[in-house]
Amino acid sequence: MRTKDELFREAQRHVAGRRQRAVTEAQRQRAAALAAHPELAAAEQARTQAGLALAMAAARGGDTGAARARLEAAGQAVDAALTAAGYAPDGLAPRYRCPLCQDTGLYRGAPCRCVAEVARKLRREEINAASPLALCSFSSFEVDRYPDTPEPELGGTPRAYMARVLKYCRDYAAKFSAQSPNLLFMGGAGLGKTHMALAIADAVLERGYDVLYTSSAALAAQLGREHFDRDSEDTWLDACKEADLLILDDLGTEHITALTISVLYELINTRMLCHRPTVYTTNITDQAIFEARYTEKVASRMLGNCRMFKFFGQDQRLA
């Protein structure tokens with residue numbers, strides 16, 4: 001899992017690689033064109049000589065008018081030779097993917113939007129590799145799969161209730177900011193908690209925010225390896241701390257140790273103090289069990305700072 005800085009640098013390397021490939025391909029095509037069309041090679045050579053003559057005239061401080069005219073005429077001759085050979089005037093120029101920065105990664109002195117697009121693509125690939133469902137969408141969340149019979153705890157049907165939850169989560173993602181609340185999805189297995197969390201991740205990522213996904217079990221295991229490997233850095237923890245939105249999936253499946261509790265407290269407390277929202281999912285529905293597992297100190301920071309939604313119904317994966 002990469003931090004935002006690591007992801008940005010990787011995106012810059014991707015864009016730089018695209019530029020290098022475009023330049024290399026243009027050089028290959030140009031060499032082939034010059035070899036196949038001697039008249040084009042001659043015109044190119046004449047333009048190069050005219051350019052050198054202009055540079056020498058400017059260096060001597062004399063009149064450069066005649067030299068400029070020769071260079072302009074040489075350029076026109078190259079364009080004519082290109083047309084005769086079947087090429088457009090820019091037919092041998094590099095074909096860059098980004099028209100704004102020409103794959104330099106910079107536009108008007110700032111990182112180009114193409115770098116952010118590549119960073120989002122890399123983060124999507126990372127989430128898809130780590131999550132059990134890959135990135136989901138709100139459109140694929142089917143409320144019709146929930147029971148349409150009254151649920152006493154709800155005072156209505158799970159289907160109508162989940163339709164309201166879906167609408168809330170759509171609005172949450174559309175208006176996401178550092179001031180958005182944390183969310184906690186709880187309920188039995190296969191009720192759509194991870195699907196809903198990943199749909200939020202997909203929409204928030206599309207809006208340009210950095211989103212990280214990790215299961216609680218994977219996070220605990222990785223942090224344990226990093227803790228006991230003195231040569232490694234806690235890159236996972238750093239990435240989780242600084243993400244604009246963190247999806248922490250399947251709380252309750254991790255192996256609990258004193259280290260796990262300590263790291264969870266550090267992570268949750270840091271994100272809370274820095275106003276970085278987190279979406280949690282868990283199969284644990286009893287607050288007492290939650291507190292017994294994570295300690296009151298950790299549980300209070302999660303439960304006390306979350307908008308909680310309980311999912312009802314039957315395991316949809318068995319339907």
Side-chain angles (χ1 to χ4, degrees), residues 1 126-127 130-133 135-136 138 141 161-162 165-166 168-173 176-205 209-223 236-237 239-257 260-312:
M1 186 184 299
E126 192 172 83
I127 295 174
S131 62
L133 301 178
L135 279 167
C136 302
F138 291 120
F141 192 91
Y161 166 75
M162 289 309 302
V165 174
L166 175 60
Y168 176 90
C169 291
R170 281 183 183 273
D171 292 343
Y172 178 93
F176 178 83
S177 73
Q179 304 308 315
S180 297
N182 298 327
L183 303 181
L184 174 62
F185 299 151
M186 59 176 64
L191 297 184
K193 302 184 300 297
T194 297
H195 186 139
M196 187 73 84
L198 288 170
I200 291 173
D202 178 64
V204 171
L205 189 64
Y209 291 96
D210 186 46
V211 181
L212 255 64
Y213 167 93
T214 181
S215 70
S216 183
L219 177 63
Q222 179 63 28
L223 292 176
W236 270 55
L237 185 56
C240 289
K241 285 179 180 178
E242 68 179 35
D244 298 323
L245 175 65
L246 174 66
I247 309 295
L248 187 52
D249 196 22
D250 268 344
L251 279 169
T253 60
E254 70 286 331
H255 177 59
I256 286 290
T257 65
T260 308
I261 296 299
S262 174
V263 169
L264 273 176
Y265 177 82
E266 180 185 353
L267 173 60
I268 294 165
N269 199 53
T270 298
R271 293 188 61 79
M272 183 178 69
L273 293 174
C274 295
H275 300 287
R276 292 172 184 151
T278 304
V279 175
Y280 306 95
T281 78
T282 182
N283 290 354
I284 303 172
T285 57
D286 189 311
Q287 184 169 337
I289 295 175
F290 205 89
E291 289 182 359
R293 179 177 180 82
Y294 294 109
T295 74
E296 182 181 358
K297 185 170 68 171
V298 174
S300 65
R301 275 166 171 74
M302 281 195 278
L303 301 178
N305 291 279
C306 278
R307 179 76 187 269
M308 291 183 280
F309 296 93
K310 186 175 180 180
F311 284 49
F312 293 82

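Heavy-atom basis, side chains included; hydrogens, waters and symmetry copies ignored. What you see is a predicted model; the values in this text were computed from it and never measured.
Taking both residues in full, the closest heavy atoms of R271 and L246 are given as NH2-N, 3.3 Å, listed atom of the first, atom of the second, then distance. The shortest non-hydrogen separation linking T253 to S216 is OG1-CB, 4.5 Å. The two residues F185 and A197 come nearest to each other via the heavy atoms CE1-N, 3.8 Å. Between P277 and S177 the shortest heavy-atom distance is CG-O, 3.6 Å. Here the closest non-hydrogen pair linking C136 and D202 is O-CB, 3.2 Å. Of all heavy-atom pairs spanning A203 and F138, the tightest one is CB-CE1, 3.9 Å.
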Exercise. Run the numbers on F290 and M186 for side-chain contact (heavy atoms from CB on, under 4.5 Å), then give the verdict.
Key: CA-CA 11 Å; F290 205 89; M186 59 176 64; over 6 Å; no
Exercise. Given side-chain contact (heavy atoms from CB on, under 4.5 Å), test I127 with I247 step by step and report yes or no.
Key: CA-CA 10 Å; I127 295 174; I247 309 295; over 6 Å; no
Quiz item: Which is it for I200 and L245 under the side-chain contact (heavy atoms from CB on, under 4.5 Å) test, yes or no, and what are the steps along the way?
Solution: CA-CA 10 Å; I200 291 173; L245 175 65; 4.0 Å; yes
Quiz item: How far apart are the C-alpha atoms of L237 and V263, what are their side-chain angles, what is the distance that settles it, and do they pass the side-chain contact (heavy atoms from CB on, under 4.5 Å) test?
Solution: CA-CA 8 Å; L237 185 56; V263 169; 3.9 Å; yes
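In this structure, R307 CZ and C169 SG are separated by 9.5 Å, a value rounded to the nearest 0.5 Å. Taken from OG1 in T295 to CZ in R301, the straight-line distance is 9.5 Å, to the nearest 0.5 Å. Taken to the nearest 0.5 Å, the CD atom of E126 stands 11.0 Å off from the OG atom of S131. Taking CE of M272 as the reference point, atom CG of N182 lies at 9.0 Å (rounded to 0.5 Å). Taking CD1 of I268 as the start and CG of N305 as the end, the distance is 9.5 Å to the nearest 0.5 Å. We find the CG-NZ distance between L212 and K241 to be 13.5 Å, quoted to the nearest 0.5 Å.
Contact check for T260 versus Y294: no side-chain heavy atoms found under the 4.5 Å cut-off. You'll find the side chain of L251 reaches within 4.5 Å of the side chain of M302, heavy atoms only. Within the 4.5 Å cutoff, the side chain of L248 has heavy atoms near those of the T214 side chain. A heavy-atom distance below 4.5 Å is not found between the side chains of M162 and L166. Considering only heavy atoms from C-beta on, V165 stays 4.5 Å or farther from F141 through its side chain. Counting heavy atoms from C-beta outward, T282 and Y280 have side chains that stay 4.5 Å or more apart. M196 has its side chain out of reach of T281: every pair of non-hydrogen atoms, C-beta onward, lies at least 4.5 Å apart. When side chains are defined from C-beta on, L219 does not count as touching E254, because their heavy atoms never get closer than 4.5 Å.
The aromatic rings of Y161 and F312 sit perpendicular to each other, their planes meeting at more than 60°, with 30° as the lower class boundary. Relative orientation of the Y209 and F176 rings is perpendicular, given thresholds of 30° and 60° on the angle between their planes.
Using a distance-only test at 3.5 Å, with no hydrogens or angles considered, no donor-acceptor pair links the side chain of R276 to the main chain of D244. Side-chain atoms of K193 come within 3.5 Å of backbone N or O of G187 as a donor-acceptor pair. Without hydrogens or angle criteria, T270 side chain to L267 main chain gives no donor-acceptor distance under 3.5 Å.
A donor-acceptor contact closer than 3.5 angstrom is absent between the side chains of D250 and S215. Residues Y213 and D249 have side chains that bring a donor and an acceptor to within less than 3.5 angstrom of each other.
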